[in-house]
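Reviewing the structure listed below.
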Amino acid sequence: MQNPRESALDVLMKIDRKEELSHIAIGETLEKYQFSEKKDRAFFTRLCQGTLERRLTIDYVIDLYSKTKVRKMKPLVRSLLRMGACQILFMDHIPDSAACNECVKLAKKRGFSKLSGFVNGVLRTISRQKQDIPFPDRDKDFVKYLSVACSMPEWIIRHFLRSYTEEETETIVSSFLEPKKTTVSWMESNGSREELITSLKKDGVEVEDGRLLPEAIRISNYDFLKRISAFREGRFIVQDESSMLAGKVADPKEGQKILDICSAPGGKALYAADKLHGTGQVLARDLTDYKEELLKENIERVGFENIRTQIWDARIPDERLAESMDAVLCDVPCSGLGIMGKKQDIKYNLEESVLEDIVKLQREILKTALSYVKPGGSLLFSTCTINPKENEENFRWIAGQNGFEPVDLTPFLPKTLDIKTAGEGYIQLLPGIHPCDGFFIGKLRRTK
Ligand SMILES: C[S@@+](CC[C@H](N)C(=O)[O-])C[C@H]1O[C@@H](n2cnc3c(N)ncnc32)[C@H](O)[C@@H]1O
């Protein structure tokens, strides 16, 4: 990576043109430059992520000081100004002069010499004014204030305000901007937790306990996952604690037959296979070749033999599996409103109208999923969103199906998680309020 700013510019333009999702575009560049200096790779990543994370705030500020509004700018100039403003406003260790000069140089290098004066003027004005920027007033217009302060589309804030108070909404939305460590799930079939920690430390990785579960470990100060020996040896998978908790609630037991009908990249399916200790069978399904490849890559790395993959559309009933599974994991595709801190694209790409269609798809999948549960077996329903229509309302809908009853989740939850609805078979985890992603977990048992 000769120039991390130029690499960031290319990635930001690709994302702006909606050619690629941000984690894929950033990941591909990091893979390509895996042998570049750690500090350049870290700066590139932070610059891309920061510019995306704060895009609405940055655009608001640029629009205050530029005659041409952000949406009317040439794509290269737009991305360049955004990343310049990100450094000036949010990256304290970068001198403003370096941020301006480097952007001007890049404008010239990429054939925009005529606009380099404009780029310089806007960035220098932002630098001069940064302590006095007139942000929207919280008391006059809460939605506008929070939208600009936390770079969150107004419709999403209004959507949250239908279910949560202003304080709760502010806590949730601002939590998405907090720096996050990578959480990983220890695979107990591939060595002890102590061995894993020793191996991580030997590779220079900083290690902390998880906040909810003993199998969770939070890691930092690493450069490239694939260079960590314990990762290559399949001693852990990357997984948020909310997702591990869903696996725990599913309560996999040795010898069981488990079906994960929406399983890529395989977090919950692998968590379940691990707990089966080489016995039983997990069938991990997803919709496309690409998703099956992701699953296979992870299964191969971990080396479990009690899990196999299959491409299958979860909406289509498979008679051969009717009432045959001890547990069905139904981690449905969802709006992803609980993980907007990790996947920046969600907040900018999602449209409110899509929320209704998602619920329809989820019900089709859930209905089919129920048909695979054997009498006495269970269905785990989960999403990574915080939308009551996709969560509580769907849960009530499946709980109303003949022959199913909610399972008390209390015995599966850590003592620190005191959520009143657990006794009714479901919990809603909220980012900023609970120490994990926004996530919904519900469980039902087939009674007959
Ligand atoms: C929330 S993700 C699953 C995450 C996974 N359970 C894990 O823990 O790693 C939802 C998955 O559903 C898949 N999906 C979407 N529509 C589907 C369908 N009709 N049939 C099967 N899988 C589908 C998506 O490809 C996506 O991989």
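The analysis underlying the following values was restricted to heavy atoms, covering all of them including side chains, and did not include hydrogens, waters or symmetry mates. Sequence positions, counted from 1, serve as the residue numbers for this chain. Just follow the structure's listing: the first ligand is 1, and inside any ligand the first atom is 1.
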Using a 3.5 Å cut-off and no angle test, enumerate the donor-acceptor pairs between side-chain atoms of residues 351-358 and protein atoms at least two apart in sequence or in another chain.
unit_1	atom_1	unit_2	atom_2	d
E352	OE2	R162	NH2	3.4

Which pairs with one or both residues in residues 374-396 pass ring-ring contact (aromatic ring centres under 6.0 Å, His included), sequence neighbours excluded?
F381-F440, F395-Y426

Can you pull the ring-ring contact (aromatic ring centres under 6.0 Å, His included) pairs that have at least one residue in residues 182-234, sequence neighbours excluded?
F231-F236

Using heavy atoms and a cut-off under 4.0 Å, could you grab the residues that are in contact with ligand 1, chain by chain, numbers ascending?
I261, C262, S263, A264, P265, G266, G267, K268, D286, L287, K291, W312, D313, A314, R315, D331, V332, P333

Counting N and O atoms only, with roles assigned by atom type, does the side chain of Y348 sit under 3.5 Å from a partner on the main chain of R55, one being a donor and the other an acceptor?
yes

Short N-O contact, R396 and E424, less than 4.0 angstrom
no

Do D203 and R232 sit within salt-bridge range, that is, some charged N less than 4.0 Å from a carboxylate O?
no

